[in-house]
Each structure stands twice: as C-alpha cells, then as structure tokens.
Amino acid sequence: MNPKNILLIKSHSMGIGDLLRSSAAWAVLHARWPGVKLHLLMLSKHAGYPSEAFIRGHHLLASAHFVTVKTGDPGSGPQRSLPLSAVCAATAQALQGLNIDWVIDFESSGIKTAWLTRWIAKRKGARSVGIAQFPLRRLFYDLAAPSTHRYRALHGLERQMDYTERDFVVLAALGLARGGQRILLHSGPEGRAWRNAHPIARPGRKAVVLNIGCGTADALVKRPQLSALVDCCVALYALEPFDLHLSGAAFEGAVNTEFAVLFTQALRQAGHAVGPPSGCEVADWSGTLSLDALTGLLQQADLVVSSDSGPYHMAVGLGVPTLCWFNFATPPSYHHAEDMACMVLPQPAEFAATALRLLRHAPRAL
C-alpha cells in the first residue's frame, strides 16, 4: 500500500545547512509517491533554535516537530541527556492526532532513534524503516537498508560521503536512489514580500550577495581572511562591475563593516568609482533579515559568494549561482551542480574567472 503520511526522524544539528541537506531526500520521496505528506521529527539538543520556524515552512514538509533531548541551554556547561521516558512523552504529545503509515529513521548509528522508531511505529500501527548499521539494529525495523559502509561500496563513494547523500542510505531500503537530486528551497511569504519591497537590481549591473558569516566561536576557522576576500572581489569587479549586498546575523555586522571599508578603499585604489550612479553600491543587510526574508535577498542575486554556512546552502537550494569559499578541503560539505563552485583558498585570478562564469549563468526566473 502506498503511504499517505511518512514520519522522518532525524537527530543531528539544527543548523540551516544540515536541515536543508535533507530536502533532496524529501523531493525523491515526493516524486515516488506524489501527494504523500512528510512530517519531520527532529530530536534537537535544545529548544528555540531560529531554524525551527524556518524549516516548518519548507514547501516539501506537511509538518515539523522538535523534541528536546538535552537539559540546559547552549553554552551553559555540561548538559545531561533527558531520560528516554521524557523523550517518549514529548514525542507522543508532538505527534498527537497525526496519522502515520511509515516511520523512517535516517540516523545510521546509536540505539535511541532506532528504539524510538519502533516505539512510534507500534503506537501508530505504522511500518518502520531504518539502517542495519550493525546486525542487531535490524531488529528494530520492518525494512532495513544495508550499512553505510555497504552503501558506499555499492555506489563507489568516498568514505566521507557528502551530507546530502547520507540521507539516501536508508532510502535504499525502499528502492530509492538520489539520481542527482539537489537540495531545494522556496521563499515563504516573508521572503516573497521582502523581495517585492526591496528590489536590488540596477540596470546594466550585476548584483552579488556576499555572506562572510561564520561569526560564532566554533565557526571562525571557516571565515575567509578579509584581505584575501577583498583581493578576490576586486579582481572580479575588474572583469564584471557589480553592486555588493552583504548579509549576516546582527553579531556579524562589525566584520561586514570592516570588509566594506577595505573593499571600497581597494576599488578606489584600482581606479573604480564607488557609489551610485556609476560606481559600486555597497549595502549591508546584517541583522535586519529573518531567515525567510533572507531568501528574498538571495533570490535576487546574480551570484552568491559565501563561506561554509547557512546562506551557502540556502542559495544552492534556491537555485542561485553560488561560489562557496573554503579555508580547507571539506568534501562532505560540497554541493555539485553547474551553477555552483566550491573553492579552497582561491587566488584572485582563479576566483574571478570562476565567479565570472557563474555570473554569466543562464538567467533564473523569480
């Protein structure tokens, strides 16, 4: 019998990129069973992540539910796992009144999600699907996919699978393959309203959105060095003049300001005009946009340049030409498409040539 409602269980990071990575699997499930309703159950470490409201509005999900599995708040010191009984009680409340035909456990390791999958399936009279990462884990599921090691061997994949591909390990139990499916994202009501209210295009000029990002302590290692980023952007400007729009969280406003000063100084030193009507216009939107509103900015870009952070994945999902700057090789984080490129510490000429190719990519329909 074809499923009408599928519960998708995930237990990992609540970062925007990590959540959006799963959208390729959601798209494949919709293609196989048109009209199916997908319900996400995310076991998160803490409550209240900004990404919760954003992912609830994803066009491929019928609903999204978030159950906290840790005590305390982020950065508050050691945090204990909540007892399984508390997690089950919160899960039962979150899923109350929801009809479920299948429960799919996307996690490949551990027992918590496997046990929870079986528990939910029994309560809902549903079929359970998971990954037989080790022999005894198979006992929790009605249908079990082979281990990630076996999946990599069958598909000739590197040991470090990209994060999007990992969701297709369990879908192998259903006979589903990725088939080149990319991640997907649509603007919600706020994003569409922002785009209509704030057109950024100027006649005869390209629009580039730059997300320096990586402002949290654990992510600073991924942030581009500003002087190198300035040199690369100036090299691109010499080939194709553009207006620059900076995005970021409120706490990233200072680094955006610093970059804008360095970039405009370098443009002037290279003999380029700064500011309208004939020069480069630089606008900083840091701290002013919700995640949905940010899609309204990203969708208007001819090119998005980003570090390895949430807006990078958002731009790829929206189908916007994207160049991601990496400080070190990180194959699991790469997306692969004609309208995007991943570059590790690029030199100015290499960066400019690649960015120019992306800037001249076929126009997109908004």
Side-chain angles (χ1 to χ4, degrees), residues 3-16 18-19 21-22 25-26 29 36-58 61-145 147-148 163 166-167 169-171 173-174 218:
K4 295 181 179 179
N5 291 276
I6 302 177
L7 183 68
L8 317 170
I9 298 183
K10 296 278 291 181
S11 177
H12 191 54
S13 166
M14 283 292 293
I16 290 297
D18 295 298
L19 290 168
R21 286 285 198 174
S22 295
W26 305 341
L29 286 167
V36 69
K37 293 182 179 180
L38 303 181
H39 308 273
L40 175 66
L41 175 63
M42 184 73 192
L43 305 183
S44 62
K45 293 182 179 179
H46 309 286
Y49 286 94
S51 52
E52 288 185 12
F54 179 69
I55 212 66
R56 277 195 179 101
H58 197 283
L61 294 177
S63 68
H65 312 271
F66 303 91
V67 171
T68 304
V69 297
K70 294 280 188 180
T71 62
D73 299 313
S76 63
Q79 294 135 19
R80 294 180 294 106
S81 295
L82 289 171
L84 190 57
S85 59
V87 175
C88 288
T91 299
Q93 183 176 6
L95 303 182
Q96 188 174 8
L98 193 63
N99 294 322
I100 298 295
D101 300 307
W102 288 359
V103 185
I104 302 179
D105 179 7
F106 282 84
E107 300 304 317
S108 61
S109 60
I111 291 296
K112 180 178 290 185
T113 58
W115 192 94
L116 194 62
T117 297
R118 193 68 194 168
W119 182 78
I120 295 171
K122 185 177 180 180
R123 286 175 61 91
K124 297 288 187 178
R127 201 176 192 188
S128 60
V129 185
I131 302 170
Q133 191 71 3
F134 48 88
L136 289 179
R137 206 169 189 264
R138 179 184 297 273
L139 300 177
F140 289 95
Y141 309 115
D142 296 311
L143 285 175
S147 67
T148 53
Y163 293 120
R166 293 178 188 184
D167 274 358
V169 176
V170 68
L171 295 190
L174 302 174
D218 61 332

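Remember, it's a predicted structure, so these values are computed and weren't measured experimentally.
- Proximity of a side-chain donor or acceptor of Asp101 to a complementary backbone N or O of Ile6 within less than 3.5 Å is not detected.
- Other residues, nucleotides and ligands contribute only 12 or fewer heavy atoms inside 6.0 Å of the NZ atom of Lys37.
- Here the side chain of Lys45 pairs no donor or acceptor atom with the backbone of Ser81 at under 3.5 angstrom.
- Taking both residues in full, the closest heavy atoms of Ser128 and Phe140 are given as OG-O, 3.4 Å, listed atom of the first, atom of the second, then distance.
- For the pair Ala92 and Arg123, the tightest heavy-atom approach, listed with the atom from each and the gap, is CB-NH2, 3.8 Å.
- A donor-acceptor contact shorter than 3.5 Å links the side chain of Arg137 to the backbone of Gly110.
- In this structure, Ser51 OG and Arg56 CZ are separated by 10.0 Å, a value rounded to the nearest 0.5 Å.
- Using a 4.5 Å heavy-atom threshold, the side chains of Leu116 and Val103 count as separate.
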Evaluate side chain to side chain contact (heavy atoms under 4.5 Å, CB included) for Leu171 paired with Phe106, printing each intermediate quantity in order.
CA-CA 8 Å; Leu171 295 190; Phe106 282 84; 4.2 Å; yes
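- Within the 4.5 Å cutoff, the side chain of Ile104 has no heavy atoms near those of the Ile9 side chain.
- Proximity of Arg118 to Asp142: side-chain heavy atoms (C-beta onward) are separated by under 4.5 Å at one or more points.
- Under a 3.5 Å cut-off, the side chain of Arg138 and the backbone N or O of Ala132 do not form any donor-acceptor pair.
- To the nearest 0.5 Å, atom NZ of residue Lys112 and atom OG1 of residue Thr117 are 12.5 Å apart.
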Passes side chain to side chain contact (heavy atoms under 4.5 Å, CB included), Leu38 versus Trp26? Steps please.
CA-CA 8 Å; Leu38 303 181; Trp26 305 341; 3.7 Å; yes
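- The shortest heavy-atom contact between Ser44 and Met14 is CB-CG, 3.6 Å.
- For the pair Thr91 and Ile120, the minimum side-chain heavy-atom distance is below 4.5 Å.
- Summarising the geometry, atom CG belonging to Leu8 is positioned 9.5 Å from atom NZ belonging to Lys10; distances are rounded to the nearest 0.5 Å.
- Remark: Leu19 CG to Ile55 CD1 distance equals 5.0 Å, nearest 0.5 Å.
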Can you check side chain to side chain donor-acceptor pair (under 3.5 Å) on Tyr163 and Asp18, steps first, answer last?
CA-CA 8 Å; Tyr163 293 120; Asp18 295 298; over 6 Å; no
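- Separating the OG atom in Ser109 from the CD atom in Gln133 is a distance of 7.0 Å, to the nearest 0.5 Å.
- At a threshold of 4.5 Å between non-hydrogen side-chain atoms, the residues His65 and Met42 do not count as touching.
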Before you tell me yes or no, could you show the steps for Cys88 and Trp119 under side chain to side chain contact (heavy atoms under 4.5 Å, CB included), namely the whole-Å CA-CA distance, both residues' side-chain angles and the distance that decides it to 0.1 Å?
CA-CA 9 Å; Cys88 288; Trp119 182 78; 3.8 Å; yes
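- For the pair Pro50 and Phe54, the minimum side-chain heavy-atom distance is 4.5 Å or more.
- At least one side-chain heavy atom of Val67 sits under 4.5 Å from a side-chain heavy atom of Leu41.
- Taking all atoms of both residues into account, the shortest heavy-atom contact from Lys124 to Gly97 is NZ-N, 4.3 Å.
- When side chains are defined from C-beta on, Leu7 does not count as touching Trp102, because their heavy atoms never get closer than 4.5 Å.
- Between Val170 and the choices Leu143, Thr148, Ile131, the side chain to side chain contact (heavy atoms under 4.5 Å, CB included) rule is met once, by Ile131.
- Of all heavy-atom pairs spanning His39 and Ser63, the tightest one is ND1-OG, 2.6 Å.
- To the nearest 0.5 Å, the span separating CZ on Phe66 from CG on Leu43 amounts to 11.0 Å.
- In terms of heavy-atom proximity, Ser11 sits nearest to Thr113 at CB-CG2, 3.8 Å.
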